[in-house]
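Predicted model only: the values in this text are computed from it and were never measured. FYI, side chains are in, hydrogens and waters are out, and symmetry mates aren't considered; it's all heavy atoms of this structure.
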Amino acid sequence: MERAGRSSTLGSTDDVELEPSGTSATIHLDMTAGGGSSSSDFNPFGAIDDVRFKTDDDLPDVMAPPFFSKYGDFHTIDWQRDLARDRLRHKMISKKKVDFPLGLLQSGWDAGAGWICVLFVGLAAGATAGIIDIGARWMSDLKTGVCADRFWLDHEHCCWSSNDTFYKDDDCKAWTKWPWMLNYYNSSSFLFLFLEWIFYIGWAVAMSTLAVLFVKIFAPYACGSGIPEIKCILSGFVIRGYLGKWTFIIKSVGLILSSASGLSLGKEGPMVHLACCIGNIFSYLFPKYGLNEAKKREILSASAAAGVSVAFGAPIGGVLFSLEEASYYFPLKTMWRSFFCALVAGIILRFVNPFGSNQTSLFHVDYMMKWTFIELVPFAILGLFGGIIGSLFIFANIRWSRFRKNSKMLGGNPIYEVMLITLVTAAISYFNPFTRKSAQSMIQQLFDRCEDQIDEDSLCDQNKALSIAFGQLLWALIFKFVITIFTFGIKVPCGLFVPSIGMGAIAGRILGITVDQIFRAVQATPGHSDYFTCQIGKDCVMPGLYAMVGAAAVLGGVTRMTVSLVVIMFELTGSLEFIVPTMVATMFSKWIGDGISKMGIYEAHIELNGYPFLDSKGEYPYSTVASQVMRPSIHRQVADEMSMSDLRELKNELSVITESGMTLGDLESLLRQTDFNGFPVVVSQNSMHLVGFITRRDILLALHTARKTQPYVVTNSIAYFSDGVPDAMPGGPAPLRLRKILDMAPMTVTDQTPMETVIDMFRKLGLRHVLVTKNGKVLGIITKKDILQFMRNKNSQ
């Protein structure tokens, strides 16, 4: 492998809109090809200010502020170049420390900017999560009624002051059902039940329709979970507007509406997206992060941790989630800032207390029993079930999402799709007590332990557990699995954590009831072992524990999370004693899921959407070298003889620029005929010896500036990327010197370099491209897109 020392030019990278003339070039945004520009002669004030002419007149004005790095939409950032910019900025600030006191204050502010920024992010994320939780809970209860005296209270808080309730979800006189407002009070009559059903469906459809309208009209990026896109953004991909203020506002409002509508979705996944929106917005208050895409991703990584922290009340799990699942670049200082951000967000959520329980854990349990070794068998069975059902869900959801994407009728009518799915969900969910209530309430009920108390359902009534509860749970599991396949991916804010936890909790509770009955049957048998002599429901089997383990198993099977999942489940329930059963189920779920399909749901959606994401956890199973994956170069003189149709067919080939000999018109023609984001510069077409690399943005800006500011630079002016520039002939066009916008140390590999090494370079260095050479001659270029396309072609064979 050939690798030169890399230094970066802090060039002006602002987008340039060229005048619509016959010779002007146009900007084409390509999301994979290209790379950064750098120079061995480091110039901190921009690449374009070195456009020199015959008389060495004053240089053109800088087109963008120093250290500013703006990428086009669907571009990949140059990690090495941006980090080099930040090192130079830090070096310049450090030199100012001697200027007391302003220099010292500026240095101190720069050092603490990251901590202050994540502090703001944590405060805002905690407050946002509290508002969303309170709003979603209140609107969810609107489907059944309203608190007549204090309409702003949800069902539980409305009934707190009443003394006529016997159990948690019982009705009270203060809570007014919708049929009561129409003077129908006989709750056992068919008309009363029909009206209640109609109101339930009507409110659900109205909420989801309003959510999809907000998304479609104001912020199309506010739909979905957001985690697949966040993973790509943290890996260096740029999606303009995805983390903007309108996306944040509309997704916050839409998340309240969609989760309250009763759709089989959760608000925990979108909270990661919302937290990253907050991080992106606050980063612009600190130019150190707002104007440097690589540094901004440190704030976004901390924001992702805060999102999980406020979603589940799991600060440590949030940090591990950002490290294991979300982040691509995660230095040690980012981990500490993520921990601090998640901590602040958790404290604010505890202060807001949206659930009224004075606890940060979403599903707090207090099991008073110990698990036994024999129970590891059913826990492992739950892991097997989680891996299988998770793989089936991924397969079915991706097939449906691909059909939705390719179908004009379905993909072009997202409003009707949301209304139809909501109608079906609400109409069927109403008749099952487990699916009628919110997913959070259902999961909490399944996690709870049975006590000697009156309950409105049959979970804890041993006379009805098999006949009624078992059947209701089985139907709820099947319905949840099927409807979630069609729900995840619709054009409303929707997460997958809670539906997965819900399916797992139902399956675990079913298995817990079954094991409980087995223990009872064995205990009732004369001469049974003393091992089974215990108080059923107190010391032997706790069905709620099985629900908790099943929730972790299915969530692991869907997302393929491991360490972070176990910690999240521990913090989610507050039960440290049962980490080992959760670990057993999670590992079996991971093994079975990976055995069926290597990708989790988020990676599958990344591949479906065609994002250039190179998973750091993936393996490259093919024995290939760089020359087999690269895009080969074509000679410029051959391309000049081709028609436009032939050039379009060679669009994926690599074009090169010669060190000298090409005119300004040739360069503009090259830019018009190709959409590459950068070009290798070679000595000549015959030798193809590499000189350097130049980005499309830099050369566009250089030519545009020269055209507007230098009257002697014309179409026939020769462009030189070398030091030896001859003097212009009297009356002839002036030469154009472009050496200092040239990256003199591009990343290169030889043609026989194993692709495993090339992929490690992309993953660990955050490269945009790498040039393939042989004996110093350019053979081709490799980008993320080339690697992913090669792997897809191999998998399809």
Side-chain angles (χ1 to χ4, degrees), residues 225 227-228 231 266 268-269 272 304 308 312 314 316-328 330 371 375-398 477 481 484 488 495-508 511 545-573 575 578-607 613-621 795:
S225 168
I227 292 182
K231 287 169 69 74
E268 285 66 27
V272 177
V308 176
F312 294 108
I316 301 176
V319 177
L320 292 177
F321 173 82
S322 181
L323 172 62
E324 180 184 357
E325 286 296 318
S327 297
Y328 207 81
F330 204 82
W371 60 274
E375 288 183 293
L376 290 178
V377 176
F379 293 154
I381 292 175
L382 283 175
L384 297 174
F385 172 80
I388 294 173
I389 197 173
S391 299
L392 289 176
F393 176 84
I394 294 172
F395 173 79
N397 180 256
I398 292 299
L477 175 61
F481 175 76
T484 307
F488 186 68
L496 194 58
F497 280 13
V498 164
S500 301
I501 292 176
M503 288 187 286
I506 295 172
L511 183 61
L545 170 61
Y546 287 77
M548 185 181 74
V549 174
V554 174
L555 183 57
V558 172
T559 63
R560 307 298 161 82
M561 293 160 49
T562 52
V563 179
S564 58
L565 172 59
V566 173
V567 176
I568 287 174
M569 291 303 300
F570 151 60
E571 294 184 281
L572 190 65
T573 58
S575 56
F578 305 103
I579 281 185
V580 173
T582 306
M583 292 174 66
V584 170
T586 302
M587 285 312 303
F588 272 89
S589 175
K590 172 74 171 175
W591 289 334
I592 297 301
D594 286 347
I596 299 174
S597 174
K598 289 292 184 181
M599 290 189 297
I601 185 65
Y602 299 128
E603 291 77 16
H605 274 273
I606 288 174
E607 183 181 32
F613 179 75
L614 201 58
D615 194 356
S616 58
K617 300 188 294 292
E619 297 179 357
Y620 188 80
N795 291 332

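- A search for salt bridge (charged side-chain N to carboxylate O under 4.0 Å, His left out) contacts involving Glu268 returns nothing, not counting sequence neighbours.
- Residue Glu571 comes nearest to Gly317 through the heavy atom pair OE1-N, 2.6 Å, listed as atom of the first residue, atom of the second, then distance.
- For Met587, the side chain to side chain contact (heavy atoms under 4.5 Å, CB included) criterion is met by Trp591, not counting sequence neighbours.
- The list of side-chain hydrogen bond (donor to acceptor under 3.5 Å, both in side chains) pairs with a residue in residues 382-391, not counting sequence neighbours, reads Ser391-Arg560.
- Across all their heavy atoms, Ile394 and Ala604 have their closest contact at CG2-CB, 4.1 Å.
- Not a single donor-acceptor pair under 3.5 Å links the side chain of Glu603 to the backbone N or O of Asp615.
- Shown here are the side chain to side chain donor-acceptor pair (under 3.5 Å) partners of Thr484, two or more places apart in sequence or in another chain: Ser264.
- The closest donor-acceptor contact from the side chain of Ser589 to the backbone of Ala553 lies under 3.5 Å.
- Partners of Asn397 under the side chain to side chain donor-acceptor pair (under 3.5 Å) rule, at least two apart in sequence or in another chain, are His605.
- Partners of Ser597 by side chain to side chain donor-acceptor pair (under 3.5 Å), not counting sequence neighbours: none found.
- Leu392 pairs by the side chain to side chain contact (heavy atoms under 4.5 Å, CB included) definition with Ile388, Phe481, not counting sequence neighbours.
- Side-chain N/O atoms of Glu325 and Thr559 include no donor and acceptor closer than 3.5 Å.
- A search for side chain to side chain contact (heavy atoms under 4.5 Å, CB included) contacts involving Glu607 returns Met599, Arg792, not counting sequence neighbours.
- Across all their heavy atoms, Ala585 and Phe379 have their closest contact at CB-O, 3.7 Å.
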Could you pull out every donor-acceptor pair under 3.5 Å between side chains of residues 497-506 and any protein atom, sequence neighbours left out?
residue	atom	partner	partner atom	Å
Ser500	OG	Leu496	O	2.8

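- Residues in residues 382-395 take part in no salt bridge (Lys or Arg N to Asp or Glu O under 4.0 Å) pair, two or more places apart or across chains.
- For the salt bridge (charged side-chain N to carboxylate O under 4.0 Å, His left out) test, residues two or more places apart in sequence or in another chain that qualify with Lys590 are Asp594.
- For the pair Val566 and Thr562, the minimum side-chain heavy-atom distance is 4.5 Å or more.
- With sequence neighbours left out, Val377 forms a side chain to side chain contact (heavy atoms under 4.5 Å, CB included) with Ile381.
- Heavy atoms only, all atoms of each residue included: Gly508 and Tyr546 are closest at O-CB, 3.1 Å.
- The distance between the ring centers of Phe570 and Phe578 does not fall below 6.0 angstrom.
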